[in-house]
> 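I'd like to ask some things about the structure below.
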There are 2 protein chains.
Amino acid sequence: MTIQGTDKGDRVQSVVKTLDILEALWQSEGAGVTQLTERTGLPKSTVHAHLTTLRSKGYVVQDGDEYRLGVRFLSFGEHVKHAEPLYAASETPIEDLADWTGERILCSTEQNGLGTVIRACDGERSVSSSISVGTPTYLHCSAAGKAMLAHFDRSKVDRIVDTWGLPAFTDETITDWATLEAELEAVREDGVAYNQGEYLPGISAVGAPVLDNDGDVHGALTVVGPQHRLENEWEHEELHNQLLSAANTIEVNLLFSE
Amino acid sequence: MTIQGTDKGDRVQSVVKTLDILEALWQSEGAGVTQLTERTGLPKSTVHAHLTTLRSKGYVVQDGDEYRLGVRFLSFGEHVKHAEPLYAASETPIEDLADWTGERILCSTEQNGLGTVIRACDGERSVSSSISVGTPTYLHCSAAGKAMLAHFDRSKVDRIVDTWGLPAFTDETITDWATLEAELEAVREDGVAYNQGEYLPGISAVGAPVLDNDGDVHGALTVVGPQHRLENEWEHEELHNQLLSAANTIEVNLLFSE
DNA sequence: GCAAGCGTTCGACAGAACAGAACAATTATG
DNA sequence: CATAATTGTTCTGTTCTGTCGAACGCTTGC
């Protein structure tokens, strides 16, 4: 699934086209020119011209009749990861929490109104979800997203909902503002946010925000697991405490890293 | 340090400009418009137009008066990593080798005539080198590079040397073709390649190629460490054996993954 | 309060990106 | 085995757009 952005500020249209091609390439682990013309709606020669340029710079490689993303993007990706303070600060806490819960733990951050997983760690009985490092997600239908939204300024929340809307992914997805607003208020009271199969059917999550001293949001920490298992266990306060404690450890780590 | 590519096939010049801006941004963990203007040689308004476009697509974020690479690149980076068979195949062998040697172990691949580190693992007494996952490197001055070059077709080696040349980084760097050719022959005989401070002063490495059944190169595995320590120890055949054994394990893993 | 720096906007011109058709090279198909 | 239908690639004129320098607010430091 691709997440479509608002199309404001497309000053340089060739760049938009190149990005569309790269995104199509990203979704398809290698594709030919014709395949990319269908996916992007651009004429063959245009796609070809862009691919040639990208290839000459090493951002795309050609394997016979297939083009793939080049390893050059690896350096960008690693750079972004390490530039994010959360990445270093979350290493130990996330591992400990994965050991303790046995579930999959994610550490996410917000950018441009979307969430992105920065670091992931599997526990013994982890579900293999499609959400892994680098995956962009909507905020209104994820535990991490709701944990962050709950601590944003009201104006920022408005802007995000305005930009991205509240699209439904399952029957459980919150699609109206009133329900979301009530839930965010609950998150602020409980300290943790839930996701009960609102994005992927059968997959639930509990999330806690990672804040700094001023109350600004750095990101969120999430425990992901099968709905039946997690919803039975999160009744126990112990899961909350461990989650909040891990989030707090990250917060402390962040203090010393800056 | 930026690695400059050959400028053939710049069909879409706006794309080249955008990539230049992204690379400048990559080297500087956040920069302002003026700073990017100086670094790229492009006029301020052009840089701004490109940044606006990149921002609207989420590939760049604005923090006050600074622009940084966006987390969107994380998804590309992870995609590239996981698309590379070596990534999964090298996980266990690289960890075991790091434990055994106590040194830093790298697993690299070649693309476009340059090497790129796909996976890294630290041992107990690892040196903290500037080479980590995603770093592009020249092949003629790295152990991994020489291990790979030694098993490429002659025509491919010629093309690579033609494209990238043999630039010097230290006094030890091989800068002429005759010396390189002789060394590649030695690599084929020994099975392993050395780097004795040829890229970073004081840093040495031993590398072994990862081949498939047809003798085609998949990548290389490298032990990196301080020159004095590594050069004393690599006299012992034990290091060779462990390195070659780990490389071989990866080769076997690759057989089963395809 | 002035000046220097920043990011941002504007507008006119040159030139570059675009689209469509034609090309070569390969694979399917009869 | 020949033909047809793909593929990726090349070519060329036209038009639209990317470009650039100057001017604009705005903040920061003197």
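As a basis for the values below, the full set of heavy atoms in this structure was taken, side chains included, without hydrogen atoms, waters or symmetry mates. Letters go in sequence order (proteins before strands), and every chain restarts at 1. This is a predicted model, so every value here is computed, not measured.
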> For DNA chain D, what string of dots and brackets results from 5' to 3' when Watson-Crick and G-U pairs need both distances under 3.5 Å, crossing pairs get [ ], and pairs with another strand get |?
.|||||.||||||||||||||||||||||.

> Before you tell me yes or no, could you show the steps for L25(B) and R68(B) under side chain to side chain contact (heavy atoms under 4.5 Å, CB included), namely the whole-Å CA-CA distance, both residues' side-chain angles and the distance that decides it to 0.1 Å?
CA-CA 6 Å; L25(B) 224 40; R68(B) 292 186 292 110; 5.8 Å; no

> Within the structure, does a side-chain N or O atom of T34(A) lie under 4.0 Å from either OP1 or OP2 of dG8(D)?
yes

> What does the list of N/O pairs under 3.5 Å between the protein and nucleotides 17-20 of chain D look like, with a distance for each?
from	atom 1	to	atom 2	distance (Å)
dG18(D)	OP1	Q13(A)	N	3.0
dG18(D)	OP1	S14(A)	N	3.4
dG18(D)	OP2	R11(A)	O	2.7
dG18(D)	OP2	Q13(A)	N	3.1
dT19(D)	OP1	K17(B)	NZ	3.0
dT19(D)	OP2	H50(B)	NE2	2.9
dC20(D)	OP2	T46(B)	OG1	2.6

> Provide, to the nearest angstrom, the distance between the NE2 atom belonging to H48(B) and the P atom belonging to dA23(D).
19 Å

> Which whole-number value in Å describes the distance from K44(B) NZ to dG7(C) C1'?
7 Å

> Starting at atom CG of D65(A), determine the distance to atom P of dT26(C), rounded to an integer number of angstrom.
9 Å

> Touch check for Q35(B), heavy atoms < 4.0 angstrom, all strands: base, sugar-phosphate only, or nothing?
nothing

> Using atom CD of E66(B) as one end and atom P of dG5(C) as the other, report the distance to the nearest whole Å.
18 Å

> Run the salt-bridge test on R154(B) and E181(B) with the 4.0 Å N-O cut-off and return the result as yes or no.
yes

> Would you tell me whether D176(B) and T179(B) have side-chain atoms, one donor and one acceptor, within less than 3.5 Å of each other?
yes

> Could you state the interatomic distance from CG (L149(A)) to CG (L180(A)), rounded to the nearest 0.5 Å?
6.5 Å

> Calculate the interatomic distance between I21(B) atom CD1 and dG7(C) atom P; express it in whole Å.
13 Å

> Does E38(A) pair with K44(A) as a salt bridge, N-O distance under 4.0 Å?
no

> Given atom CG of L36(A) and atom P of dT9(D), what is their separation to the nearest angstrom?
11 Å

> May I ask you to decide if the ring planes of Y87(A) and H82(A) are parallel, tilted or perpendicular, using 30° and 60° as cut-offs?
perpendicular

> Round to the nearest Å and state the distance from L51(B) atom CG to dG7(C) atom C1'.
10 Å

> If the plane angle is over 60° it's perpendicular, under 30° parallel, otherwise tilted; pick one for H140(B) and F169(B).
tilted

> Is it possible for you to check whether K57(B) lies under 6.0 Å from the centre of the six-membered ring of Y59(B), through NZ or CZ, and within 45° of that ring's axis?
no

> Do the side-chain N or O atoms of Y67(A) get closer than 4.0 angstrom to the phosphate oxygens (OP1, OP2) of dT9(D)?
yes

> For R39(A), give me all partners under side-chain hydrogen bond (donor to acceptor under 3.5 Å, both in side chains), at least two apart in sequence or on another chain.
none

